[in-house]
Structures are given as C-alpha cells and as structure tokens.
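See below for the structure under consideration.
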Amino acid sequence: MNCHTDNYSDSMANYLRPIEDQFALSRHNLSDTYVRRGTDASPACSRCHTTEGYQVYLATGQEAPLEASSHISCFACHAPHTNRDFSRRNEDSTTHLAVGGTYDKGPSNTCAVCHQVREPNPPIESSEPITSSRWGPHHGPQSNILSGKGAYVLPGATYDAAAAHNIGITEGCVNCHMAALPDNVVAGGHSFAITYEATSGSSTVDRVNSKGCACHGWTSDVVATTAVEAHQATFEHDLGELGDMLVARGWLNGAKNAVTTGAAAPTTKEARGIVFNYLMLLEDKSGGVHNPKYTASIIAAAKAYLESLGPQ
Ligand code: HEC
Ligand code: HEC
Ligand code: HEC
Ligand code: HEC
C-alpha cells in the first residue's frame, strides 16, 4: 500500500494522484491511436502507439501485432510492480535511429524510442517510385532534430547540430516538457506539455511554461512566450518559402504537407532527400525550437541546392 496510499504524505512518490491527473491531460492518454495494434502483414505501429507493443519491443526488439492494446500509460514507461520503483523501463539503453546516429540523454531515452524518424519506404537513395503520399519520416522526428541527426545530407552540405538545446541539456525532452508545473495551471510534469491556455483580454492564447526554459532567465511566462513565438515565426517563414519552392517543382502537394506521387513525384535522391528533410522539420512541430542551428542550416542548404538547379 506504499504507492496506493489513500493519504497524502510528504513524499510525492508515495502519492501518485497528482501525477495521474497531470497525465490524464496528456496526448498519450487522450489519443485513440492505440487501436493501431498492427497486423501480421504490417506489425509496425504497435511499438510506438500502445503500452503493450512498446513493452514487447523493449523486451524483444520485435514489433508485435497484438490481440489487445491500450493507450500509452504509466506501465509503458515504468514497471513499478516489477522494479519496485519508478525508474524507466529502458533507462540505460541508447536508441539507434533508423536513419543513422544515436540518442543518449538520460531519462529522455525513454521518449526517443517512439519520437524518432521511421525509415522511409522506399528509401531516399532507392530508385523505386514513391507510391504513397504518406512517404516520409512519419509524425514524431523530435529526437532526431534535437540531437541534430538523421536529415538527408545534400552533396557538399554540412549541418550545424551544436545548438545549446542539443549539447547543453543533458536530460533532453524531460528538461523542457516535464518541467515543474506553473502556478494554478497544468503544463510540464506528466502532462508533457510546454504550453497551457491562458486568457488575454477577450481571447484565449497559448502560453509557454517558462520553468522549462530556466537557462534563459526569462522573468515570466509572457516574456518566454514572446521569445519562443518570435523564433517560431521566423522558422515558419523560412520553411514556408522552402515549401513554396518544392510545390513549384511539383514534388510537394499544394497543402505543403505531403510528397506528390505519380508522374510528378521526386525521383533523384537529392530531390527526395530535400522533401524528406522538409517533412521532418514540419512534423517536428516545435517551430525550430528543438535545434535552431540544425533546422536553419538544413533549410539554407535545401534552398541553395534548389537555386543551383536554375529555373524549372
Ligand atoms: C517509431 C515510432 C512510431 C511508429 C512505428 C508509428 N508511429 Fe505513428 N506516431 C508516432 C509519434 C511519436 C506520433 C506523435 C507525433 C506528434 O504528435 O508530434 C505519431 C502520430 C501518429 C498519428 C497522429 C497524427 C496526427 O497528427 O494526428 C497517426 C494517425 C499515426 N501516428 C499512425 C501510425 C500508423 C498507422 C503506424 C503504423 C503503420 C504508425 N503510426 C507507426 C510514432 C510512431
Ligand atoms: C511517456 C513516458 C511516461 C509515462 C507514460 C509516465 N511517466 Fe512517470 N516519468 C517519466 C519520466 C521520463 C520520469 C522522470 C522525470 C524526471 O527525471 O524529471 C518520470 C517520473 C515519474 C515519477 C518520479 C519518480 C522519481 O523517483 O522521482 C513518478 C512517481 C512517476 N513518474 C509516476 C508515473 C505515473 C503514476 C504515471 C501514469 C499516470 C506515469 N508516471 C506515466 C515518464 C513517464
Ligand atoms: C510508447 C511510445 C511513446 C513514448 C515512450 C513517448 N511518446 Fe510521446 N507520443 C507518442 C505518440 C504515439 C503520441 C501521439 C499520439 C497521437 O496523437 O495519436 C505522442 C504525443 C506526445 C506529445 C503531444 C504531441 C502533440 O502533438 O500534442 C508530446 C509533447 C510527447 N508525446 C512528448 C513525449 C515525451 C517528453 C516523452 C518521454 C518522457 C514521450 N513523449 C514518450 C508516443 C510515445
Ligand atoms: C529546449 C526545450 C525542449 C526540449 C529539450 C524538447 N522540446 Fe519539444 N518542444 C519545445 C517547445 C518550445 C515546443 C513548441 C511548443 C509550442 O509551440 O506549443 C516543443 C514542441 C514539441 C512537440 C509538439 C507538440 C507540442 O507539445 O507542442 C512535441 C511532440 C515535442 N516537442 C516532443 C519532444 C521530444 C520527444 C523531445 C526529446 C527528444 C523534446 N520535445 C525536447 C521544447 C523542447
């Protein structure tokens, strides 16, 4: 009864209700993509979308189709009844990413198993035609972007991965996304959220939990939000310009969120690589914050390459 006590005690580890309530608001809890159990022919979703598939994957390295599945919950990341504490299931291991490189940032190694690029099929360097509009890095490339690894390297290009968020934050994701909770609202902790909703005049705005950005010394959440949004606006402008160039080449759809298939689909490895990188930056969803230097240099190299091709 040490963990399941019904009485508040000084030790939060003995009193799990606040953590459960933070987690209740997390996308891990609310999403219904846990029904992606996989099939015999395509088992590949369960390891990142279900608690059971993740456990099987960590234990065996296999992607399993499951008979039953549940959303990502406490028992995905922790095994308290087995380990008798709240250490992480895969605490010590380093994740090898499908597109090259490793990720090793303490407690957030647990995140990188799922929040990483999936291998594109067909591969970038293959001459097999792209037939699926879902081709690309999938939706969670955050650990690649943060650690500055995994983007396709154009001939002659070098990408600068050494942003402070990569080399200076030893615990990775956890430092920012699981920071201490702000006063009176839910963000950080086991909500894993950077932002919370606040009212400003008559409208609702997203506000950044500055406790996750402690290195910057921002004096309030309002100051932090202004700084983060200014960076994101510059990034989105630059990425938008690259998207327009790719649409003009016919390699990206009009909504600028998927590769084109059929006759217009990119065929050379450079063209596919640029589309892959573009989608990776878009799907990262941090607006360049995870690794400002890496993301800016990827965009600059892609634009320079496209300009060197001359008008299409
Ligand atoms: C390597 C881990 C991994 C694998 C394998 C994986 N996913 Fe995901 N998927 C993620 C992550 C992480 C996210 C959430 C990313 C985010 O919100 O930033 C996600 C998001 C999604 C979403 C939500 C997209 C949205 O924006 O609403 C869908 C749908 C999805 N995945 C379907 C699938 C399907 C179907 C498969 C199997 C064919 C699959 N995933 C395999 C990691 C994975
Ligand atoms: C997606 C992965 C994930 C899920 C799901 C998750 N946790 Fe955690 N939990 C972590 C990580 C990572 C840490 C370490 C945070 C840190 O070092 O600041 C942690 C820390 C903790 C701690 C503190 C441990 C200590 O010794 O200080 C407790 C208690 C805990 N989690 C309970 C829970 C409970 C209860 C749930 C379900 C409601 C849950 N966790 C769901 C990843 C997760
Ligand atoms: C078992 C795989 C798995 C693990 C482990 C995991 N995640 Fe996730 N995460 C997902 C999936 C899948 C989604 C998206 C669910 C959906 O939208 O369908 C997600 C969603 C999120 C979101 C919300 C994204 C959005 O678009 O709103 C954040 C933030 C996040 N994860 C951060 C983390 C952090 C930080 C860790 C480590 C402490 C972690 N995750 C560990 C699979 C995982
Ligand atoms: C330096 C702090 C920092 C680190 C480290 C960090 N993030 Fe983020 N992350 C952010 C910020 C800031 C945003 C943008 C939030 C917004 O605009 O709503 C973000 C956005 C995201 C999103 C999009 C959904 C959302 O919550 O807005 C996901 C998913 C995510 N991060 C996952 C991760 C994962 C997984 C890791 C570790 C591999 C990680 N992050 C590391 C700061 C960080």
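All values derive from a computational prediction rather than experimental measurement. Positions are given from 1 along the sequence. In listed order, ligands and their atoms are each counted from 1.
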Heavy-atom neighbours of Glu20 CD exceed 12 at 6.0 Å
yes
Looking only at distance, does His165 have an N or O less than 3.5 Å from an N or O of ligand 4?
no
Using modelled atom types only, decide if a donor and an acceptor are shared between the side chain of Lys303 and the backbone of Ala301 within a distance under 3.5 Å.
no
Under-2.8 Å protein N/O/S neighbours of atom 8 (Fe) of ligand 1, ordered by chain then residue number:
His49 NE2, His138 NE2
Under the side-chain contact (heavy atoms from CB on, under 4.5 Å) rule, what do Cys213 and Val208 come out as? Steps first, then yes or no, please.
CA-CA 9 Å; Cys213 327; Val208 170; 3.9 Å; yes
Below 30° counts as parallel, above 60° as perpendicular, anything between as tilted: where do the rings of Phe192 and His28 land?
perpendicular
Within a strict 4.5 Å, meaning less than it, do heavy atoms of the Met178 and Pro107 side chains meet?
no
So, for atom 24 (C) of ligand 4, does the protein have a heavy atom nearer than 4.0 Å?
no
Quick one: does any side-chain atom of Asn83 pair with a main-chain N or O of Asp85 as donor and acceptor, under 3.5 Å?
no
Which residue from Pro80, Pro18, Cys74 reaches closest to atom 35 (C) of ligand 2 through any of its heavy atoms?
Cys74
Note: ligand 4 atoms sitting under 4.0 Å from heavy atoms of Tyr103 are 37 (C), 38 (C)
So, for atom 27 (O) of ligand 1, does the protein have a heavy atom nearer than 4.0 Å?
no
So the atoms of ligand 4 within less than 4.0 Å of a heavy atom of Ser143 turn out to be 38 (C)
What verdict does the side-chain contact (heavy atoms from CB on, under 4.5 Å) test give for Ile194 and Cys176, after you've listed the backbone C-alpha separation in whole Å, the side-chain angles of each residue and the deciding distance to 0.1 Å?
CA-CA 7 Å; Ile194 297 285; Cys176 306; 4.0 Å; yes
Determine how many protein N/O/S atoms sit closer than 2.8 Å to atom 8 (Fe) of ligand 4, leaving waters out since they are not shown.
2
At a non-hydrogen distance cut-off of under 4.0 Å, which region of Ile169 contacts ligand 4 (side chain, backbone, both, or neither)?
side chain
Among the N, O or S atoms of His78, the one nearest atom 8 (Fe) of ligand 2
NE2
What do you reckon, does Gly172 put a non-hydrogen atom under 4.0 Å from ligand 4?
yes
Answer yes or no for Phe192: is there a heavy-atom contact with ligand 4 below 4.0 Å?
no
Using a 4.0 Å heavy-atom cut-off, which part of Lys105 comes near ligand 4: side chain, backbone, both, or neither?
neither
I'd like to know if Arg272 and Glu270 make a salt bridge, using a cut-off of under 4.0 Å between side-chain N and carboxylate O.
no
So for Ser73 against ligand 2, with non-hydrogen atoms under 4.0 Å, the contacting part is backbone
Enumerate the atoms of ligand 4 whose separation from the nearest heavy atom of His115 is less than 4.0 angstrom.
35 (C)
Of the non-hydrogen atoms in Gln22 and His190, which two are nearest, and what is the gap between them?
OE1-N, 2.9 Å
At a threshold of 2.8 Å, where the distance has to be below it, does atom 8 (Fe) of ligand 2 have an N, O or S atom of His190 nearby?
yes
